[in-house]
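Worksheet: the structure to be examined is printed underneath.
Protein chains get the first letters and strands the later ones, always in sequence-line order, with residue 1 at the start of each. Side-chain atoms are counted along with the backbone in the values below, which use heavy atoms only and exclude waters and symmetry mates.
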There are 2 protein chains.
Amino acid sequence: MPPARKSALSSGSSSVQDYVKVIYAFTEWQDKPITSSQLAVRLGVANSSVSEMVRKLVDLQLVDHRPYSAIELTSAGRRLALTMVRRHRVLETFLVQELGYAWDEVHDEAELLEHTVSDTFINRMAAKLGDPQRDPHGDPIPSADGTVHVPHAVQLEELDGGHTGRITRISDADADLLRFFSSEQIRLDDRVEVVGRRPFGGALVVRFGPSGSARELDLGDQAAAALWVHSDPHPGCLLAS
Amino acid sequence: MPPARKSALSSGSSSVQDYVKVIYAFTEWQDKPITSSQLAVRLGVANSSVSEMVRKLVDLQLVDHRPYSAIELTSAGRRLALTMVRRHRVLETFLVQELGYAWDEVHDEAELLEHTVSDTFINRMAAKLGDPQRDPHGDPIPSADGTVHVPHAVQLEELDGGHTGRITRISDADADLLRFFSSEQIRLDDRVEVVGRRPFGGALVVRFGPSGSARELDLGDQAAAALWVHSDPHPGCLLAS
DNA sequence: GGCAAAATTTAGGCATGCCGAAATATTGGG
DNA sequence: CCCAATATTTCGGCATGCCTAAATTTTGCC
Ligand SMILES: [Mn+2]
Ligand SMILES: [Mn+2]
Ligand SMILES: [Mn+2]
Ligand SMILES: [Mn+2]
């Protein structure tokens, strides 16, 4: 009898769920697939642990992997990942909107709850929240049937002086950074204008808020990379596009 | 160096939490302490698993236990148990009141979530619900500081004919039974009157509902044991008390 | 009081997921 | 093209929590 590959009918252990979710998230806003050691860093485990788990994920047919190369989700893996991402983001939205959490407090709680709630729970909660399209950090919430629309956005860091746009996403990877943005009153959907760069690789100078009462701010690399904007069409680019 | 007994500073693993909670629950409505095999049945694990875990609980100073005798919580164990019971019951209340679950659907979901939510989560959720005193089944919800008031109540089964009272608690141990009560429109706080017993150890005959529109019903032993009532003072008992 | 039945504990094992150290494969600079 | 630095995998082990089967202790009945 052949070894009868386990099918991933059920949703896997919480570890499996986290691995798949992180593999997915890595490619959500750019397209290079994740490597073993990057995965290890993001999960806070040893490289050897990743190697072992990846073997299991291959066995569960959730990822494709040739030894020593990058790790990519199968369609079943992507389906599971989208389920987990939906759970995580619906929970974050609930914590902020219904329980009064600050946006830097929701991640850890959602990271655990996502493995425990039922589909019914998430779907009723989402309905109660009016089926939100994005979470408190601007990350898109996949629908129950597993479709997502990732908005067009660029990191603020990538924009040249003169560009304007609207903040579409604020990376929730660093809670301290979220608190900084909070204290500077930087929020989703705020208008921004890139003024320019301080000389010799210095900070990015950015103007925030409505054109009347705009504040100018110097942003370090970390901060500028965490802010994603939907850029307005720019005169200088009309021909290039 | 002495083995340095681990203190139960943190809240223990989910298994530890479930063991302690079941040990507590066993004595909530009566006072005999739980035995090893009863604990095994309620947790759905083998007797040997209980023996091992009890050793660990003793080590964590959550229970007292002499080999071959019953298992009792220490005060730290009771504290942890009350925390878990509060979590479980606040969650059940939320599921019914905010997410529209039926009362027979909440138990399994709460059983998992209770290990995952933070204290902040539970306390904010409880506040949102108006700090309820009891869950959908009538079980008392301990307060955040660990105090409970278990109402006076007797199993319907224990009452003789002629007694009247109000339903105070409906055991959530059996979901099918809850559905039966639901279909018979038996709810918390309904008035009841014990009419008598069918002959030869037969069913208990009970009258439900407000005196005008009362319905009479035959209850089997299972059902009669699952209904707890606050009994009105009864003429025949005035002298005896 | 003795002894078989019942309850409980101990022994030996399995699965999951993690680790550090050792082995192996890949890569880029010379 | 080669070889050392780097990335990845393999190996042996540990912790948790569960199981079955085999001791061992307690209990209840004659
Ligand atoms: Mn997680
Ligand atoms: Mn988020
Ligand atoms: Mn539980
Ligand atoms: Mn309940």
Side-chain angles (χ1 to χ4, degrees), chain A residues 3-23 26 32-72 80 84 111-112 114-116, chain B residues 3-23 26 32-72 80 84 111-112 114-116:
Chain A
R5 228 167 261 309
K6 276 170 215 157
S7 84
L9 285 178
S10 74
S11 341
S13 68
S14 358
S15 289
V16 167
Q17 294 176 343
D18 275 338
Y19 274 81
V20 163
K21 193 184 52 155
V22 169
I23 295 168
F26 190 82
K32 276 181 279 294
I34 198 167
T35 65
S36 195
S37 48
Q38 288 169 320
L39 190 43
V41 169
R42 297 192 173 223
L43 287 164
V45 300
N47 290 320
S48 53
S49 305
V50 171
S51 280
E52 287 172 352
M53 182 58 93
V54 166
R55 190 194 343 243
K56 176 177 307 189
L57 295 177
V58 168
D59 207 60
L60 292 169
Q61 298 182 274
L62 294 170
V63 306
D64 289 327
H65 183 234
R66 308 188 334 272
Y68 295 98
S69 67
I71 300 150
E72 285 179 275
L80 177 55
M84 297 313 298
E111 193 59 52
L112 296 177
E114 64 189 2
H115 308 293
T116 301
Chain B
R5 231 166 259 310
K6 277 172 212 154
S7 84
L9 284 177
S10 75
S11 342
S13 68
S14 349
S15 288
V16 167
Q17 293 175 345
D18 276 338
Y19 274 80
V20 163
K21 192 183 52 154
V22 170
I23 295 168
F26 189 82
K32 276 181 277 293
I34 198 168
T35 65
S36 196
S37 49
Q38 287 170 320
L39 191 42
V41 169
R42 297 192 172 222
L43 287 163
V45 300
N47 290 320
S48 53
S49 305
V50 171
S51 280
E52 288 171 352
M53 182 58 93
V54 166
R55 192 195 340 252
K56 178 178 306 190
L57 295 178
V58 168
D59 207 58
L60 291 169
Q61 298 183 273
L62 294 170
V63 306
D64 289 327
H65 183 236
R66 308 188 333 272
Y68 296 98
S69 66
I71 300 150
E72 286 180 275
L80 177 56
M84 296 314 299
E111 194 59 51
L112 295 176
E114 63 189 3
H115 308 292
T116 301

Whole-Å gap separating P (D:dT6) and OH (A:Tyr68): 17 Å
Looking at B:Ser48 and D:dT20, is any side-chain donor or acceptor paired with a base atom of the opposite kind under 3.5 Å? yes
Whole-Å gap separating C1' (C:dT8) and CD (B:Gln38): 13 Å
Could you tell me whether B:Asp18 and B:Lys21 make a salt bridge, using a distance below 4.0 angstrom between a side-chain N and a carboxylate O? yes
Looking across every strand, which nucleic acid part, if any, lies under 4.0 Å from B:Ser51 by heavy atom: base, sugar-phosphate, or nothing? base
In whole angstroms, the gap separating C1' of D:dT16 from CG of B:Leu57 amounts to 13 Å
To the nearest Å, how far apart are B:Arg66 CZ and C:dA7 C1'? 15 Å
Indicate whether OP1 or OP2 belonging to D:dT9 is found under 4.0 Å from a side-chain N or O atom of A:His65. yes
In this structure, how many angstroms lie between the C1' atom of D:dT16 and the CG atom of B:Asp18, rounded? 15 Å
Rounded off to whole Å, could you give me the CZ-to-P distance for the B:Arg55 and C:dT9 pair? 9 Å
Would you mind telling me which of C:dC18, D:dT9, C:dA7 lies closest to the side-chain atoms of A:Pro67? D:dT9
Please state how far atom CG in A:Asn47 lies from atom C1' in C:dC18, giving the value in whole angstrom units. 13 Å
Can a donor-acceptor pair be found, under 3.5 Å and without considering hydrogens, that links the side chain of A:Gln17 to the backbone of A:Ser11? yes
Out of A:Leu80, A:Leu62, A:Val45, which one pairs with A:Tyr19 under the side-chain contact (heavy atoms from CB on, under 4.5 Å) rule? A:Val45
Can you tell me which nucleotide in D:dT10, D:dT8, C:dC18 comes closest to the side chain of A:Tyr19? C:dC18
Which listed nucleotide (D:dC18, C:dC18, C:dT8) is nearest to the side chain of A:Glu52? C:dC18
If I take atom CD1 from residue B:Ile34 and atom CZ from residue B:Arg42, how far apart are they, to the nearest 0.5 angstrom? 5.5 Å
Any idea which of C:dC18, D:dT8, D:dC18 is nearest the A:Met53 side chain? C:dC18
Closest to side chain of B:Ala46, choosing from D:dC19, D:dT9, C:dC18: D:dC19
Any side-chain N or O of B:Ser15 less than 4.0 Å from the OP1 or OP2 oxygen of D:dT16? no
Under 4.0 Å, counting only non-hydrogen atoms across every strand here, what does A:Ser36 touch: a base, just sugar-phosphate, or nothing? sugar-phosphate
Integer-rounded Å distance: C:dG17 P and A:Leu60 CG: 9 Å
Can you tell me which nucleotide in C:dC19, C:dT16, D:dC18 comes closest to the side chain of B:Ser49? D:dC18
NZ/A:Lys56 to OG/A:Ser15 distance, rounded to the nearest 0.5 angstrom? 8.0 Å
Using a heavy-atom cut-off of 4.0 Å across all strands, would you classify B:Ser37 as base, sugar-phosphate, or nothing? sugar-phosphate
